[in-house]
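Quick caveat: nothing in here was measured; it's all calculated off a predicted structure.
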Amino acid sequence: MKKIGILGGTFDPVHNGHMIVARSAMEQFGLDEVRIMTGGNPPHKRNADVTAADIRHEMVSIAAEGEKGLVPFDYELNKESYSYTFETVTELNDKYPEVEWYFIIGEDSLRDILKWYKPDIIVKKCILLVYPRDGGFAAELIKERAAQLNGDIREIHAPMFGISSTEIRKRLSEGKSVKYLVPDGVEEYIKKHKLYR
């Protein structure tokens with residue numbers, strides 16, 4: 001059975017932390033590939049000022065270029081409605097029953113998952129892989145949520161990367177460098193298209 005991971009996000013912009021998590025999950029759990037799925041209309045960012053989806057996905061494609069096993073995935077981009085995780089994992093399961101799906105989320109998302117739409121269905125349709133954030137209390141939280149949702153939830157052991165897309169946008173708006181924070185090609189694309197000024 002093929003093992004495929006999905007790392008979903010707004011990716012505004014995609015940064016090296018995302019790439020580290022994707023690669024770490026792939027190696028630790030023996031995944032055949034990790035699909036980096038750009039969110040089209042994330043329900044949790046309804047009022048936020050989000051960069052156009054095609055631009056965000058273009059940056060994901062640049063970041064994944066030449067990265068064996070890391071694949072840009074535009075599954076949610078063509079949806080006009082808000083994208084819910086439970087719908088995506090249900091549709092993928094139905095479409096590709098021969099695949100074992102792994103959904104990659106951050107510790108903060110696991111903390112909030114009970115507020116998500118139909119979290120019990122999400123954990124039935126895929127294995128959740130969680131990367132720890134600040135302080136790394138993921139192990140206790142994973143145990144708690146696995147019991148509450150009766151699901152298979154596992155911790156990703158990845159190097160900590162303490163920067164967010166929000167901080168990167170802030171640095172760019174202040175005219176500061178983002179070298180080493182985003183893939184080189186993404187940095188060039190941002191400069192070329194004068195993004196986040």
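- Rounded to the nearest 0.5 angstrom, M19 CE and S24 OG are separated by 11.5 Å.
- Annotation: side chain to side chain contact (heavy atoms under 4.5 Å, CB included) contacts of K176 (sequence neighbours excluded): R171, E174.
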Candidate pair D12 and S165, rule side-chain hydrogen bond (donor to acceptor under 3.5 Å, both in side chains), full reasoning: CA-CA 6 Å; D12 195 14; S165 296; over 6 Å; no

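- Contact check on K192 versus E188 returns no salt bridge, with no Lys/Arg side-chain nitrogen under 4.0 Å from an Asp/Glu carboxylate oxygen.
- At a threshold of 4.0 Å, the pair E167-R169 does not count as salt-bridged, since none of the basic side-chain nitrogens sits closer than that to a carboxylate oxygen.
- Between E98 and Y96, the side chains place no donor N or O within less than 3.5 Å of an acceptor N or O (distance only, hydrogens not considered).
- Other residues, nucleotides and ligands place more than 12 heavy atoms under 6.0 Å from the CG atom of D94.
- The shortest distance between side-chain heavy atoms of M59 and I190 falls below 4.5 Å.
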Verdict with supporting geometry, L172 and R197, side-chain contact (heavy atoms from CB on, under 4.5 Å): CA-CA 6 Å; L172 288 161; R197 289 287 176 89; over 6 Å; no

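- Checking side-chain atoms of R145 against main-chain N and O of I153 turns up no donor-acceptor pair under 3.5 Å.
- Taking the ring centroids of H18 and F161, they lie at or beyond the 6.0 Å cut-off.
- At a threshold of 4.5 Å between side-chain heavy atoms, the hydrophobic network of Ile, Leu, Val, Met, Phe, Trp and Tyr places M26 and L92 in two separate groups.
- Listed by first then second residue, pairs satisfying ring-ring contact (aromatic ring centres under 6.0 Å, His included) with a partner in residues 170-192 read Y189-H193, not counting sequence neighbours.
- A salt bridge links E33 with K2; the closest basic N to acidic carboxylate O contact falls under 4.0 Å.
- Linking Ile, Leu, Val, Met, Phe, Trp and Tyr whenever their side-chain heavy atoms come within less than 4.5 Å leaves F11 and F73 in two separate clusters.
- Side-chain atoms of S177 come within 3.5 Å of backbone atoms of K179 as a donor-acceptor pair (strictly under, hydrogens ignored).
- Both V14 and Y131 are part of a single hydrophobic cluster, where members link through side-chain heavy atoms under 4.5 Å apart.
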In a table with atom names and distances, give each donor-acceptor pair under 3.5 Å that connects a side chain of residues 108-130 to protein atoms at least two apart or in another chain.
unit_1, atom_1, unit_2, atom_2, d
D108, OD1, R133, NH1, 3.1
D108, OD2, R133, NH1, 2.6
R111, NH2, E107, OE2, 2.9

